[in-house]
Amino acid sequence: METETQDSQMTMPPVKNGLLPYITVDGALKAAEFYTRAFGAEKAFVVPPDEKGRTMHVHLYINGSSLMLSDAYPEHGHPFQKHQGFSLQLVVDDVDSWWDRAVAAGVEVVMPVELMFWGDRYGQLRDPFGVLWAMNEPAKAR
């Protein structure tokens with residue numbers, strides 16, 4: 001994990017894949033730790049927290065892709081709003097092992113993994129920060 005240095009020379013980690021989710025959560029550093037336990041996240045870069053314990057930027061790698069998150073900063077016009085209308089989907093080769101790890105870490109099961117009409121195994125989870133996650137194991141992976 002790299003952080004900003006005093007000499008203002010920093011090497012930023014590469015962004016993986018072409019679509020980059022950037023989410024705001026209430027407790028970005030705690031969410032990053034939770035995502036490490038639940039989804040095998042690796043920290044690529046973290047901006048040190050301010051005096052209130054908030055961070056403006058965390059870059060994680062999960063399942064070969066980048067996810068970025070930050071805390072809300074209402075005093076700068078960026079208040080926290082409840083998550084709705086989206087899910088973060090993990091396409092994995094072994095949904096059972098990914099699912100079991102996430103459940104053991106403390107996610108809420110929203111929709112259990114089932115064989116879907118399109119042939120994949122799919123389920124949904126909600127993390128303690130209110131983010132909806134989906135897991136999908138393509139039929140070809142079995």
Side-chain angles (χ1 to χ4, degrees), residues 1-6 8-116 118-142:
M1 174 180 73
E2 291 191 41
T3 58
E4 188 173 344
T5 61
Q6 296 225 1
S8 74
Q9 295 291 325
M10 91 175 94
T11 303
M12 298 302 289
V15 173
K16 296 184 178 182
N17 292 331
L19 177 64
L20 176 62
Y22 203 122
I23 60 174
T24 300
V25 293
D26 186 12
L29 295 173
K30 289 180 183 178
E33 292 302 321
F34 181 80
Y35 295 161
T36 298
R37 291 190 311 277
F39 305 117
E42 298 173 31
K43 291 179 188 167
F45 186 82
V46 176
V47 172
D50 66 11
E51 65 283 346
K52 294 181 180 179
R54 303 173 302 181
T55 182
M56 61 184 291
H57 182 72
V58 176
H59 181 173
L60 302 175
Y61 294 141
I62 301 176
N63 193 32
S65 295
S66 289
L67 171 67
M68 296 189 187
L69 38 138
S70 71
D71 283 294
Y73 286 82
E75 69 273 25
H76 297 292
H78 187 64
F80 178 76
Q81 296 181 10
K82 182 180 175 183
H83 300 286
Q84 59 185 7
F86 73 91
S87 64
L88 299 178
Q89 184 163 322
L90 292 167
V91 179
V92 297
D93 290 339
D94 180 4
V95 73
D96 295 316
S97 66
W98 281 79
W99 187 269
D100 292 346
R101 177 179 56 194
V103 170
V107 297
E108 170 194 355
V109 174
V110 174
M111 182 178 142
V113 173
E114 295 180 16
L115 183 60
M116 294 295 155
W118 63 87
D120 295 353
R121 294 184 64 221
Y122 175 90
Q124 292 183 345
L125 308 156
R126 187 171 314 280
D127 72 33
F129 303 89
V131 178
L132 184 65
W133 292 76
M135 289 191 188
N136 188 82
E137 179 184 324
K140 64 182 176 175
R142 293 189 299 280

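Sequence positions, counted from 1, serve as the residue numbers for this chain. Note: hydrogens, waters and symmetry copies are ignored here, and every other heavy atom, side chains too, is used.
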Quick one, Leu88 and Phe39 - any side-chain contact, counting heavy atoms below 4.5 Å? no
Check whether more than 12 heavy atoms from other residues, nucleotides or ligands sit under 6.0 Å from atom CE of Met56, and answer yes or no. no
Within a 6.0 Å radius of atom CD on Gln81, are there more than 12 heavy atoms belonging to other residues, nucleotides or ligands? no
Are Phe80 and His78 an aromatic pair, judged by ring center distance below 6.0 Å? no
Check whether any side-chain N or O of Asp26 sits under 3.5 Å from a backbone N or O of Ala72 as a donor-acceptor pair, and report yes or no. no
Give the minimum heavy-atom separation between Phe129 and His83, together with the two atoms involved. O-CD2, 3.4 Å
Taking Ser87 for its side chain and Leu132 for its backbone only, find out whether a donor-acceptor pair lies under 3.5 Å. no
Side chain to side chain contact (heavy atoms under 4.5 Å, CB included) evaluation trace for Trp118 with Asn136: CA-CA 11 Å; Trp118 63 87; Asn136 188 82; 3.6 Å; yes
Distance from Thr55 atom OG1 to Asp50 atom CG, nearest 0.5 Å? 8.0 Å
Closest non-hydrogen atom pair, Ala28 against Asp71: N-OD1, 2.9 Å
Begin from the C-alpha positions of Val131 and Tyr35 and carry the test side chain to side chain contact (heavy atoms under 4.5 Å, CB included) through to its verdict. CA-CA 11 Å; Val131 178; Tyr35 295 161; 3.8 Å; yes
To the nearest 0.5 Å, tell me how far Gln84 CD sits from Lys82 NZ. 7.0 Å
Taking every heavy atom of Gly123 against every heavy atom of Trp99, the minimum-distance pair comes out as C-CZ3, 3.6 Å
Would you confirm whether Asp120, through its side chain, and Tyr122, through its main-chain N or O, come within 3.5 Å as a donor-acceptor pair? no
Report the distance from atom CE of Met135 to atom CE of Met111, rounding to the nearest 0.5 Å. 13.0 Å
Specify whether His59 and Tyr61 have parallel, tilted or perpendicular ring planes, treating 30° as the upper limit for parallel and 60° as the lower limit for perpendicular. perpendicular
Rounded to the nearest 0.5 Å, what separation is found between the CG atom of Leu19 and the OG atom of Ser66? 11.0 Å
Do Thr24 and Tyr73 have side chains that approach each other closer than 4.5 Å (heavy atoms only, starting at C-beta)? no
Walk me through whether Trp133 and Val107 qualify under side chain to side chain contact (heavy atoms under 4.5 Å, CB included). CA-CA 9 Å; Trp133 292 76; Val107 297; 5.9 Å; no
Heavy-atom pair of closest approach, residues Ala32 and Leu69: N-CD1, 4.2 Å
If you take all heavy atoms of Leu125 and Ala102, which pair is closest and at what distance? CD1-CB, 4.0 Å
Arg121 side chain vs Glu114 backbone, donor-acceptor pair below 3.5 Å: no
Would you compute the distance between atom CD1 of Ile23 and atom CZ of Phe86 and round it to the nearest 0.5 angstrom? 6.0 Å
Rounded to the nearest 0.5 Å, the OG atom of Ser97 sits from the CD atom of Glu137 at a distance of 8.5 Å
